[in-house]
Chemist: 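Below you will find the structure I want to go over with you.
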Amino acid sequence: MNNSLLNNKFVVTTPLYYVNDVPHIGSAYTTMIADVLIRFQRLQGKSALLITGTDEHGQKIQRTAAEKGVATQEHCDRVVKSFETLWEKLDIQYDRFSRTTAQPHSAIVKEFFQRVWDRGDIYLDQQQGWYCVSCEEFKEARELTDDKYCLIHPNKKAEWRDEENYFFRLSKYQPQLEKIYQDNPDFIQPVSRRNEVLNFVKQGLKDFSISRLHLDWGFPVPTDPNHTIYVWFDALLGYVTALLEPGQEPNLENALAQWWPINLHLIGKDILRFHAVYWPAMLLAAELPIPGKVFGHGFLTKDGHKMGKSLGNTLDPVALVDKYSSDAVRYYFVKAIELGKDGDFNEHRFIEVLNADLAKNLGNLLNRTLGMLKKYCQGNGPQLTAADYPEDHPLKVIGKNLFHKVTKAYENLKFKQACEDILALADASNKYIDDGAPWSLFKQGKQAEIEFILYAVLESIRLSAYFLSPIIPNLSNDIYHQLGFDLDFNNKNQISQPAIFAEHSQWGQLRANQNLNKARPIFSQLELSSGN
RNA sequence: AACAGCGUAGCAUAACGGUUAAUGCACCAGCCUCAUAAGCUGGCAGAUAUGGGUUCAAUUCCCAUCGCUGUUACCA
């Protein structure tokens, strides 16, 4: 494998969301994070691929559709539409939307199943246990009352079932998995999640069932059409199907040729085990390389409380974006929450964070500087370049160090850190203006000194906007536009050119006599609406 | 219940066992005026959950208590 090619590609996945209901804030959170990361990869000129999508099979989906009185596929299509709408509102630039009901997927699932089957890692066995018809699940003894009533459905007695299921030989892969965890300490992140998995695996892995009888919304088991493939041998393979080029013959060879292995599976902590244990084992069984990393982020709370439909305190992502804009929502979730830990959404804090960083610090900085340029320099960009500034110039120093800091932060998924590093430049710029006091210099007729200050500040704003563009692409566009650039951070092809990164990621790119545009506040301060 | 992790100023975070526990936001005061009353300077505030122990020295290590969170397999 060509090494430079390997280093130059980056594939991230979000989970393939279950289409039981419209997207919730948790799905939006994961997807925003994934988009920020992929945008940064793209900015660096890497071949970057963001995969998202939906998992659409299973009895629950079938039942939900029936309750709504629509055909199952129709229900899926509607929910998918709501996902697509939200991703558009949030400026998510996904490259592939993988649906498990899409045509090519069945061929991939079938081939993968066959491959594992041929290696003898799938076998037929009896699944025995107490089954709650209402839950449609086998229950452990502790999930039932002493006389075998379901705890969730106290008036339903569980039935004893003894049915055939196909099983995947997960137990066989325990030693190999443990070696993988040992050899790749970063495979599961953050560390707390890794420990969870290690602990779990150490207790001994049991084979898990991968088929169901009496389920028709799904793919039949290739070797036994009475059975339907259940969840993991279907949904997880959606990541593979996503790698096919549109119109390409759907087979594993084609799917895996260009992008495999996936660099990062970004997931919520609820599905950690399936990605960190089941999935690598399945890939080992199929003799395929495993993904580079699985990152399980935390959950969101609202005002310190767990969110839930039954609790009636959910946070509707659509309403939130409509109220505050995509950039605001993206910024809050990226900057105000430590990825990997549980985070809280609180509207008061939301407004404080956005006002402090985007309106007062960065936004106002741009506005005041352009204002001075207009007043003191007739709006003409200073005839200066980076070479006119000594190496120890306060803003130049920070600007030059920023590249290294920010790149490292983004690559380690320390988005909060990245924001803080970038904002530090805006902070320093505000100080720098006050130290220089251009308004005094103007009265003294020191034109050159004014221009010297303003160029350095404008250039620092530009650099900040560039590095923030994966997070707040629209505001970055706005800033760039006011600074006289026509770069569009939402234009994938344009911003992914390595030459642009080489230039724009460095301090000192503002050109002499840049064609500056009219100053206009980029982000108005938000107010907490009454009634909250 | 068992096992694991966490508990630092109003909020969010930081501190290889070692100076008066750091930073941002919020708040208060002063200064400035180019600007979205924004900016700058200064200030406020913590017995680092509680109680013990180890150590010359503990936010950091050990034990207990309280509180919160996670895991305990087929949950999307």
Side-chain angles (χ1 to χ4, degrees), chain A residues 15-20 27 54-58 60-61 100 127 129 135 137-138 140 142 165 167-168 170 191-193 195-201 203-212 230-232 234-236 238 267-275 277-278 296 298-299 301 304 306 335-338 341-344 346 348-349 351-376 416-417 419-420 423-424 427 429-442 450 453-454 457 519-526:
Chain A
L16 301 187
Y17 302 109
Y18 204 47
V19 292
N20 207 30
S27 320
T54 44
D55 171 16
E56 306 180 17
H57 286 137
K60 264 187 209 164
I61 299 298
T100 57
Q127 167 107 322
C135 296
E137 272 171 20
F138 283 94
E140 299 284 320
R142 63 184 159 75
N165 274 174
F167 283 77
F168 170 65
L170 179 67
V191 178
S192 54
R193 297 270 130 65
N195 291 339
E196 256 172 43
V197 171
L198 255 42
N199 242 321
F200 169 72
V201 173
Q203 289 166 17
L205 295 175
K206 286 193 265 181
D207 299 346
F208 65 95
S209 72
I210 58 169
S211 76
R212 290 289 131 104
Y230 179 69
V231 195
W232 306 112
D234 175 353
L236 288 168
I267 55 167
K269 62 186 182 182
D270 51 330
I271 49 175
L272 177 66
R273 177 171 309 157
F274 310 111
H275 287 77
V277 183
Y278 289 22
F299 275 175
T301 56
K306 232 177 208 168
K335 159 78 197 292
I337 289 167
E338 194 80 18
K341 294 183 183 170
D342 286 356
D344 189 50
N346 170 277
H348 186 67
R349 181 160 172 252
I351 286 170
E352 272 185 0
V353 167
L354 293 168
N355 283 350
D357 288 359
L358 300 184
K360 296 179 188 178
N361 192 346
L362 185 63
N364 181 58
L365 176 64
L366 174 68
N367 202 237
R368 69 189 294 208
T369 311
L370 285 179
M372 284 187 277
L373 199 76
K374 186 180 178 191
K375 248 180 199 172
Y376 305 147
K416 184 183 174 137
Q417 185 66 49
C419 289
E420 281 171 5
L423 261 291
D427 244 328
S429 298
N430 272 317
K431 278 186 186 66
Y432 182 67
I433 291 176
D434 272 57
D435 288 346
W439 44 92
S440 302
L441 298 173
F442 183 66
I450 293 174
I453 292 169
L454 297 186
V457 172
R520 188 168 40 83
I522 55 161
F523 191 91
S524 303
Q525 287 208 49
L526 305 169

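In this text the structure is predicted, and so the values were computed from the model without any measurement. Throughout, protein chains are lettered first and strands after them, A, B, ... in sequence-line order, and every chain is numbered starting at 1.
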Chemist: In the structure shown, which nucleotide is the Watson-Crick or G-U wobble counterpart of B/A73, with both distances under 3.5 Å?
Modeler: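 By the stated definition (distances under 3.5 Å), nothing pairs with B/A73.
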Chemist: Syn versus anti for B/A12, judged by chi lying within 90° of 0?
Modeler: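 Anti for B/A12; the angle lies over 90° from 0.
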Chemist: Tell which nucleotide pairs with B/A64, taking only Watson-Crick or G-U wobble pairs whose two distances are both under 3.5 angstrom.
Modeler: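 B/U50 - that is the nucleotide pairing with B/A64, both distances being under 3.5 Å.
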Chemist: For side chain to side chain contact (heavy atoms under 4.5 Å, CB included), just list the numbers for A/Leu362 and A/Phe523, CA-CA rounded to whole Å, side-chain angles, deciding distance to a tenth of an Å, and then say yes or no.
Modeler: CA-CA 9 Å; A/Leu362 185 63; A/Phe523 191 91; over 6 Å; no
Chemist: Does A/Asn364 contact B/A35 through a side-chain donor or acceptor facing the base, at a distance under 3.5 Å?
Modeler: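 Checked by distance alone, the answer is yes.
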Chemist: How far, in whole Å, is B/U50 from B/U60 if one measures between their P atoms?
Modeler: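 About 11 Å, rounded to a whole number of Å.
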Chemist: Measuring only the C1' atom in each nucleotide, how far is B/A73 from B/A14? A whole number of Å is fine.
Modeler: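 Approximately 38 Å lies between the C1' atom of B/A73 and that of B/A14.
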Chemist: Just checking A/Ala359: base, sugar-phosphate only, or nothing, at a heavy-atom cut-off of under 4.0 Å?
Modeler: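 Answer is base: heavy atoms of A/Ala359 come under 4.0 Å of a base.
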Chemist: Give me the ring orientation class for A/Tyr278 and A/Phe208: parallel if the planes are under 30° apart, tilted from 30 to 60°, perpendicular past 60°.
Modeler: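 Correct class here is parallel.
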Chemist: If only side-chain N and O atoms of A/Lys375 are considered, is one of them under 4.0 Å from the OP1 or OP2 phosphate oxygen of B/A35?
Modeler: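 Affirmative; the distance criterion is met.
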Chemist: Tell me whether the side-chain N/O atoms of A/Lys431 come closer than 4.0 Å to OP1 or OP2 in B/C32.
Modeler: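 The answer is no; no side-chain N or O of A/Lys431 sits under 4.0 Å from OP1 or OP2.
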Chemist: What contact category does A/Tyr17 fall into here, base, sugar-phosphate, or nothing, at under 4.0 angstrom with non-hydrogen atoms?
Modeler: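 Result for A/Tyr17 = nothing.
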Chemist: At under 4.0 Å between heavy atoms, what does A/Leu205 touch on the DNA or RNA strands: base, sugar-phosphate, or nothing?
Modeler: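 Base, at least one base atom sits under 4.0 Å.
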Chemist: CD1 of A/Ile453 versus P of B/C40: gap in Å, rounded?
Modeler: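 Going from A/Ile453 (CD1) to B/C40 (P), I get 15 Å.
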Chemist: Categorize A/Gly204 for me: base, sugar-phosphate, or nothing, with a 4.0 angstrom heavy-atom threshold over every strand shown.
Modeler: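 Result for A/Gly204 = base.
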Chemist: If you measure from the P atom in B/C11 to the same atom in B/G7, how many Å do you get, rounded?
Modeler: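 Going atom to atom, P in each nucleotide, I get 15 Å.
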Chemist: Looking only at the side chain of A/Phe208 (C-beta and beyond, no hydrogens), which of the listed nucleotides B/C74, B/C34, B/G70 gets closest?
Modeler: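 So the side chain of A/Phe208 is nearest to B/C74.
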Chemist: Can you tell me the distance, in whole Å, between the CG atom of A/Asn430 and the P atom of B/G39?
Modeler: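 These atoms are roughly 7 Å apart.
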Chemist: Which of these nucleotides, B/A38, B/U13, B/A73, is closest to any side-chain atom of A/Lys416?
Modeler: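 Closest of the options to the side chain of A/Lys416: B/U13.
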Chemist: Nearest whole angstrom, please: distance from the P of B/U36 to the CD of A/Gln525.
Modeler: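 Distance check: A/Gln525 CD to B/U36 P gives 11 Å.
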Chemist: May I ask you to evaluate whether A/Tyr230 reaches the phosphate of B/C74, defined as a side-chain N or O under 4.0 Å from OP1 or OP2?
Modeler: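 Checking B/C74 against A/Tyr230, no side-chain N or O comes under 4.0 Å of OP1 or OP2.
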Chemist: Between B/U48 and B/U8, how far is it from one C1' atom to the other, in whole Å?
Modeler: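 Straight-line distance between the two C1' atoms is 4 Å.
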Chemist: Is A/His275 touching bases, backbone alone, or none of the nucleic acid, heavy atoms closer than 4.0 Å?
Modeler: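 No contact.
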Chemist: Taking the C1' atom of each, how far is B/C66 from B/G52, in whole Å?
Modeler: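 Comparing C1' positions in B/C66 and B/G52 gives a spacing of 15 Å.
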Chemist: Considering only side-chain heavy atoms of A/Lys341, which listed nucleotide, B/G70, B/G39, B/A14, is closest?
Modeler: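 Side chain of A/Lys341 sits closest to B/A14.
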Chemist: Toward the 5' end of RNA chain B, which comes first, A/Asn367 or A/Asp270, by nearest nucleotide?
Modeler: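 The residue whose closest nucleotide sits nearer the 5' end is A/Asn367.
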Chemist: Tell me whether the side-chain N/O atoms of A/Gln203 come closer than 4.0 Å to OP1 or OP2 in B/U72.
Modeler: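 For B/U72, neither OP1 nor OP2 has a side-chain N or O of A/Gln203 closer than 4.0 Å.
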Chemist: At 4.0 Å (heavy atoms only), tell me whether A/Lys374 reaches a base, stays on the sugar-phosphate, or touches nothing.
Modeler: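 No contact.
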Chemist: Could you state the CD-P distance from A/Glu338 to B/U23, rounded to the nearest angstrom?
Modeler: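 My rounded result for the distance is 19 Å.
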Chemist: Name the nucleic acid region contacted by A/Leu373, choosing base, sugar-phosphate or nothing; use a 4.0 angstrom heavy-atom cut-off, strictly under.
Modeler: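 Counting heavy atoms under 4.0 Å across all strands, no contact is made by A/Leu373.
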Chemist: Using the aromatic ring of A/Trp439 (for Trp, its six-membered ring), decide whether it stacks on the base of B/C34 within the limits of 5.5 Å and 30°.
Modeler: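 Stacked: ring centres under 5.5 Å, planes under 30°.
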Chemist: Given that both distances must come in under 3.5 Å, which nucleotide forms a Watson-Crick or G-U wobble pair with B/U41?
Modeler: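 B/U41 is paired with B/A29.
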Chemist: With rounding to the nearest 0.5 Å, note down the distance linking CG in A/Leu354 to CZ in A/Arg349.
Modeler: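 Reported to 0.5 Å precision, the distance equals 10.5 Å.
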Chemist: Using purine N1 to pyrimidine N3 plus N6-O4 or O6-N4 for Watson-Crick, or N1-O2 and O6-N3 for G-U wobble, each under 3.5 Å, what pairs with B/A12?
Modeler: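 Partner of B/A12: B/U23.
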Chemist: Using a cut-off of 4.0 Å on non-hydrogen atoms, how would the nucleic acid contact of A/Lys335 be classed: base, sugar-phosphate, or nothing?
Modeler: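 No contact.
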Chemist: May I ask you to verify if any side-chain N or O of A/Arg520 is less than 4.0 angstrom from the OP1 or OP2 atom of B/U36?
Modeler: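 No, no such contact exists.
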Chemist: Rounded to whole angstrom units, what separation is found between the CZ atom of A/Phe167 and the P atom of B/C74?
Modeler: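 Nearest whole value for this atom pair: 12 Å.
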Chemist: For residues A/Ile271 and A/Pro15, determine if any side-chain heavy atom of one lies less than 4.5 Å from a side-chain heavy atom of the other.
Modeler: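 A side-chain contact exists here, since the closest heavy-atom pair is under 4.5 Å.
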Chemist: Among B/C11, B/C25, B/G39, find the nucleotide with the atom closest to the side chain of A/Glu352.
Modeler: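 It is B/C25.
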Chemist: Reading RNA chain B from 5' onward, which residue's closest nucleotide shows up sooner: A/Tyr18 or A/Phe523?
Modeler: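 Going by which nucleotide is closer to the 5' end, it is A/Phe523.
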Chemist: Do A/Thr301 side-chain atoms and A/Gly343 backbone N/O form a donor-acceptor pair below 3.5 Å?
Modeler: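 Side chain of A/Thr301 to backbone of A/Gly343, a donor-acceptor pair under 3.5 Å: yes, one is there.
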Chemist: Among A/Asp234, A/Thr100, A/Asn20, which residue satisfies the side-chain contact (heavy atoms from CB on, under 4.5 Å) criterion with A/Glu56?
Modeler: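 Between A/Glu56 and the candidates, side-chain contact (heavy atoms from CB on, under 4.5 Å) is satisfied uniquely by A/Thr100.
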Chemist: Give A/Arg193 one of three labels, base, sugar-phosphate or nothing, depending on what nucleic acid heavy atoms sit under 4.0 Å from its own.
Modeler: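 Touches nothing.
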Chemist: NA contact type, A/Ser192, heavy-atom cut-off 4.0 Å: base, sugar-phosphate, or nothing?
Modeler: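 Touches nothing.
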Chemist: With respect to the side chain of A/Asp434, which nucleotide from B/C40, B/U71, B/U36 is positioned closest?
Modeler: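 The closest nucleotide is B/C40.
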Chemist: Any side-chain N or O of A/Lys360 under 4.0 Å from OP1/OP2 of B/G24?
Modeler: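 Negative; the distance criterion is not met.
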Chemist: Should A/Asp342 and A/Lys306 count as an ion pair when the cut-off is N to O under 4.0 Å?
Modeler: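 Judged by the 4.0 Å cut-off on N to carboxylate O distance, A/Asp342 and A/Lys306 do not form a salt bridge.
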Chemist: Using a 4.0 Å heavy-atom cut-off across all strands, classify A/Asn195 as base, sugar-phosphate, or nothing.
Modeler: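 A/Asn195: no heavy atom of the nucleic acid under 4.0 Å.
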